[in-house]
Amino acid sequence: MKVSVVVPVYNQEVYLRDALDSLKSQTLKDIEFIIVNDGSTDKSLDIIREYADSDDRFIVIDQENCGVAAAINSGNSIARGEYLAEMDSDDYVSPDMYQVMYDIASGNDLDILKSNVINFTGSGESYNGRIEKIAKQGFFDRVINPMEEKIVFSFPMYAWVSLYRRELIIDNNIIWNDGVSSYNDNGFFWQTMCLAERVMYIDRDFIYHRRDNEMSTVKNPDKMFSNFFIEHAFIKENLKSRGVFEEVKSFFFERKIQNYFFALNIIPFDKRQTFFHLMAKDFNKDLGEDGLADVAFINKRNKDRIIEISSDPDLYFFSIYLPDTYKVSVIVPVHNGESFLRSTMERLINQTLRSVEFIIVENGSTDGTNEIIAEYQRKDPRINAVSIGASNAGNARNVGLSMAHGQYVIFLDADDEYDLQLLEKTYDAAIKSKADVVWFNTQEKNARTGLVKPHTHAYRKSSFPEARPFSFSDLSGNPFDSFIGWPWDKLYSMRYVRSNGFYYQSLEVSNDGYFNFLAMAKAKRIMTLDEVLVTRVVEHGGNISSNKHDTNPDNQLKMIIGLYEQFKQMADGEKTARAFAERSIRSLAWLFSSGFKTEEGARQYFDLLVGGELKRLELDLLLEEEIVENRRELWKKLLAMGNYGPGEYDQFIAEIGGSDFELSQATNLSLYNPNVRDQSRSARIIFGQPNSEGQGKSKPWLNILMGYYDSANVTAVIDFIYLGHFNRVVSDTLNLSIALHKQADGKISPVVHQAEWSSGRKELTEGLYYTFVGNVFTIHTRYSGRYTGFEYKFRHIVSREPKPTFSVVNVAMGYDTGMLFDRASDLMPLRTGVCASELSRGRAIYREESPKNSGHDLIEIELAKYDYNNLVAAIEFVKVGNNSKSYFDTLYIGLSLEPKVDQLELMVFQAEWMRGIDDFDRCIYYYIQDGKLVIGGKYFDKMAGYCFKIANAVGRGSEDDAVIRFIAPELIDYACGEISTDAIFVE
């Protein structure tokens, strides 16, 4: 028998088949696999016997649970091979591993042969592997005597990458220490390496070592706490008994301190100080009995660590270990972050500053957030996570702060993007300047368009003094106008935070202002970094301030009044308090005009102000010259507001407040100024995200920005290619005509006159969508699979104006691994328009659960604009159930353009069913929007929907005078939106 492979197994049914399949596939035939079932309570033993029944190379040992050491010793005791190997039951090996290694070992008469290892996590698309070298360069492919080249005792210890001559193990009675339940490979390494005379390392990799198995003993903190001390005592006594300890003790001691610090990464923080005391006791014994102080180390710092810990473990813990290990604490509250959390975690764990901790505070998530957090905890021991139940971001940040150990702390949001050098750059700046606060630049990305805006209002450089660092009071003008009270653009000294007792208010919204305004106002040493290190992502539907002011109208006032009262207590003659009150004028007016979505919220807010909160802010004590000019009118209106009482909001608006205090959420658009020099006329995007992260998601790709004025227009012809993964190329041409038009109410609205494919290839009609909001037309790409994507090239783009006033901005290109967003229901499909005389058919299947009062628009009909143009159509509908009965009926629809005083008005003169099947009652609806007729279908069940066909369509004009478009995707893989309030159901 050439090779015996021993595999200890305990409850590994999940991964065991991978391991045994890889053994069964070995090209070496003269081999045996000794599988030791160590008292498994799952189906592991059944799986082992299944392989043994079909392949006589598999030998089964079934024993009571005694631990991995006893299991391997049992296997070694019956092994017959010239060479022995050990393999973990959650790993797997290349088919030629033992053939190649045996040939090399026997050919060179080796005692031990070792190869590289592939450490990996995940499987399939999520597989991530990395080769770890087993030795340094210069030590591969030559025979080494370890006692003559002792540097090899600093190389990796792994037993499972090795072949061992059987006589080396049996004749020297080398065993695995069964006195510990893990880390006993350490003792086996020292015994074998000290007694071997012919060792070789080869620069090849055969074994795949799993790093994300939760059952692994390496990840058990309780075993880690005790086993290392027992195992190292076993090693020392064993080597002494063999007479070799004195020759290798310098390497042993250095390896021991490295192992103890490795253990600290896994041991819970509340046990680490105790662990240092145990280290001190252990090393003091080495110093007293074994001459540790007299030996030389490869790295002198390792020896210094031992001396310092042994002398005073508490001093070392607080003055050296904590500052070195926890330079920055990163606190991230998260609620229902499944759609973006993986992207966030990748940006955190890949920060260039490594000596940090990540405290993830989950509060009441109902999606897959907790599973993602657990996944990353397994990947990175620096992640500490806690779930606090339903709460708010303010409370979550306070919980995180109570758990933090860093010299500095930063509070980040889970839905933003961070520069990978964020922590390194801010920490370096903080250390060099001994700063209370490091304040850096940020920007804002709109998730709907991908466009970016600078945060000039949050980092107002014109107010900065020349000296660095500077005090808050050194900022020119009103210092509160220089920044925003949000947390993600500031790194704080932990000592500064805790000595002042700063905390976040436990509010649903506006919970960050109290901490950050107060911390900035009291800072004596502020350092700035003029680099954009954080990108705030907005308008993805989850931003706190976008939807909670209406249900919590008092939260902002609690923040403002709380701060004002704190500032009044400062020793500057209320100067800071007056500056903050003056700055708050714009905050109060902003919430009225832009913060609320409903009039009810604005009314409640008004009642709170006039009911006493406005008086507490003491705006009447401000002098007019203290107030910047553009706020004076608002200030006077707020003073006048004090003359009103609760319930008099409408009267205040009519008499004094006007548009400054009137709800205008509906027109609060994100507008962008086009830079005509930006003309990204061609680009491509290739998705790099795995399918598990991308399904059902999309991202903005291409934007056309127009000047925001009446009659602004763009006409374009754009060629698109779908790039499949080793698949056929699909191309089509998009014909686009868009404009901005002033409506009867004086507001400017975006209008899509045409957004149609020339051919309507499925890969493009279902892969690209658009939105048109404000002055930005955006084409969105639906995730189409890893290594697939799209490319565009403008054939023509023009405007009917004398000079171009538009820009084309690409916001995602190349191999993209960035954030994807859940596909919103407001993304409009780009469809193929056909003449009414051309018969067409389509379908729409609802693949996601949706509210019962929701629906999706299916068909759009547009008439050429002239008096009395009309169309009558017969549209056949099939209502397709989810594995249930289907129903058929025909909709007769008639519409015409009627001339009015100064415009044409679309009228529907017929909308009725031919047969009147009851099951179609209140299913199909229609409404008129932007001069077009829209026909839609109400959601009624998941995996159900409608099929429809234009059976006939005719009008009094030419066949080109009416265009019918199918505007729903065939597979609706997102939740449907609310049906328009103008919709009329065909009954």
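- Side-chain contact annotation: N37 with S40, donor-acceptor N/O pair under 3.5 Å present.
- For the pair K379 and Y376, the cation-pi test (distance below 6.0 Å, angle within 45°) is passed.
- Donor-acceptor pairing under 3.5 Å is recorded for the side chains of S4 and E32.
- Between the side chain of T325 and the backbone N or O of L322, no donor-acceptor pair lies under 3.5 Å.
- Inspection of the Q99 and D103 side chains reveals an N or O donor paired with an N or O acceptor under 3.5 Å.
- In summary, K249 and D286 do not engage in a salt bridge, as defined by a charged side-chain N under 4.0 Å from a carboxylate O.
- Of the listed residues (F318, Y326, Y321), just one forms a ring-ring contact (aromatic ring centres under 6.0 Å, His included) with H405, and that residue is Y326.
- In the model, N384 has no side-chain atom that pairs as donor or acceptor with a side-chain atom of E357 under 3.5 Å.
- Side-chain contact, S74 with Q63: a donor N or O sits under 3.5 Å from an acceptor N or O.
- No donor-acceptor pair under 3.5 Å is formed between the side chain of D38 and the backbone N or O of Y10.
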Query - M157 vs F188, side-chain contact (heavy atoms from CB on, under 4.5 Å): CA-CA, chis, key distance, verdict - result: CA-CA 9 Å; M157 295 182 172; F188 189 75; over 6 Å; no
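- Note on ring orientation: taking the six-membered ring where Trp is involved, the planes of Y815 and Y787 are parallel (angle under 30°, cut-offs 30° and 60°).
- Between the D55 side chain and the A52 main chain, no donor and acceptor come within less than 3.5 Å of each other.
- Of all the heavy atoms in P8 and M87, the pair that sits closest is CD-O, 3.4 Å.
- More than 12 heavy-atom neighbours from other residues, nucleotides or ligands sit within 6.0 angstrom of CD on E289.
- Screening I118, V161, D88 for a side-chain contact (heavy atoms from CB on, under 4.5 Å) with H209, the sole residue that qualifies is D88.
- A donor-acceptor distance shorter than 3.5 angstrom exists from the side chain of R382 to the backbone of R354, with no hydrogens or angles considered.
- When each of K285, K240, K256 is tested with D290 by the rule salt bridge (Lys or Arg N to Asp or Glu O under 4.0 Å), just one qualifies, namely K240.
- Separation of atoms CD (E13) and CD1 (I47) is listed at 6.0 Å; rounding is to 0.5 Å.
- Taking CG of L113 as the start and OG of S115 as the end, the distance is 7.0 Å to the nearest 0.5 Å.
- In this structure, F245 has its ring center closer than 6.0 angstrom to the ring center of F252.
- Although no hydrogens or angles enter the test, the distance criterion places no donor-acceptor pair under 3.5 Å between the side chain of E149 and the main chain of N145.
- Heavy atoms only, all atoms of each residue included: Q26 and D96 are closest at OE1-C, 4.2 Å.
- Shortest non-hydrogen contact noted between L28 and V3 is CD2-CG2, 3.7 Å.
- Not less than 6.0 angstrom separates the ring centroid of Y51 from the ring centroid of F33.
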Report task. Give the intermediate values and the outcome of salt bridge (charged side-chain N to carboxylate O under 4.0 Å, His left out) for residues E50 and R17. Result -> CA-CA 10 Å; E50 175 188 326; R17 289 187 184 277; 2.9 Å; yes
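- In terms of heavy-atom proximity, L84 sits nearest to A79 at CD2-CB, 3.4 Å.
- Between D304 and K300, at least one side-chain nitrogen of the basic residue sits less than 4.0 Å from a carboxylate oxygen of the acidic one, meeting the salt-bridge criterion.
- Looking only at atom types and distance, the side chain of Y418 has no donor-acceptor partner in the side chain of Q351 under 3.5 Å away.
- A salt bridge does not link K303 with E308: none of the charged nitrogens is closer than 4.0 Å to a carboxylate oxygen.
- In summary, the aromatic rings of F275 and F228 are positioned with their centroids too far apart to meet the 6.0 Å limit.
- Between H277 and F317, the distance from one ring center to the other does not fall under 6.0 angstrom.
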Query - Test log, rule side-chain contact (heavy atoms from CB on, under 4.5 Å), inputs V330 and I359 - result: CA-CA 6 Å; V330 183; I359 302 173; over 6 Å; no
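- Judged purely by distance below 3.5 Å, without hydrogens or angles, the side chains of D178 and N73 never pair a donor atom with an acceptor atom.
- With no hydrogens or angles considered, a side-chain donor-acceptor pair links R242 and N238 at under 3.5 Å.
- One distance of note links CG of L163 with CG of D111; it measures 12.0 Å at 0.5 Å rounding.
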Query - side-chain hydrogen bond (donor to acceptor under 3.5 Å, both in side chains) between Y260 and D282, worked out - result: CA-CA 11 Å; Y260 287 169; D282 189 29; 2.6 Å; yes
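- Residues N184 and E231 bring no donor and acceptor atom of their side chains to less than 3.5 Å of each other.
- Side-chain contact check for Y208 and N119: no donor-acceptor pair (N or O, by modelled atom type) lies under 3.5 Å.
- With 3.5 Å as the limit, one finds a donor-acceptor pair spanning the side chains of S162 and K114.
- Between the side chains of Y164 and E86, no donor-acceptor pair is found at a separation under 3.5 Å.
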Report task. Go through F155 and F251 one step at a time and tell me if the ring pair (Phe, Tyr, Trp, His ring centres under 6.0 Å) criterion holds. Result -> CA-CA 11 Å; F155 294 173; F251 291 92; 9.9 Å; no
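- At least one donor-acceptor pair closer than 3.5 Å links the side chain of S22 to the backbone N or O of V93.
- Looking at S310, its side chain never comes within 3.5 Å of a backbone N or O of I307 through a donor-acceptor pair.
- A salt bridge does not link E693 with R786: none of the charged nitrogens is closer than 4.0 Å to a carboxylate oxygen.
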Query raised in the report: ring pair (Phe, Tyr, Trp, His ring centres under 6.0 Å) between F206 and Y98: does it pass, once the steps are laid out?
Result: CA-CA 9 Å; F206 303 100; Y98 295 114; 8.6 Å; no
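- Side-chain atoms of D419 come within 3.5 Å of backbone N or O of Q421 as a donor-acceptor pair.
- When every heavy atom of T192 is checked against every heavy atom of I169, the shortest pair comes out as CG2-CD1, 3.8 Å.
- The two atoms that bring D109 and R165 nearest to each other are O-NH2, 2.8 Å, heavy atoms only.
- One finds the CE atom of M403 at 9.5 Å from the CD1 atom of I360 (value rounded to the nearest 0.5 Å).
- No hydrogens or angles considered: nothing links the side chains of Q12 and S44 as a donor-acceptor pair under 3.5 Å.
- With hydrogens and angles disregarded, no donor-acceptor distance shorter than 3.5 Å links the side chain of S89 to the backbone of V9.
- With a 6.0 Å cutoff to the six-membered ring centre and a 45° limit on the axis angle, R305 does not count as a cation-pi contact of F297.
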Query raised in the report: Between Q137 and D203, does a side-chain contact (heavy atoms from CB on, under 4.5 Å) hold up when you go through it step by step?
Result: CA-CA 9 Å; Q137 289 300 321; D203 194 9; 4.3 Å; yes
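- Without hydrogens or angle criteria, R57 side chain to K24 main chain gives a donor-acceptor distance under 3.5 Å.
- Between R210 and D91 there is no salt bridge, since no side-chain nitrogen of the basic residue lies less than 4.0 Å from a carboxylate oxygen of the acidic one.
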Report task. Any chance you could lay out the side-chain contact (heavy atoms from CB on, under 4.5 Å) test for V5 and I35, step after step, and finish with the verdict? Result -> CA-CA 8 Å; V5 183; I35 317 301; over 6 Å; no
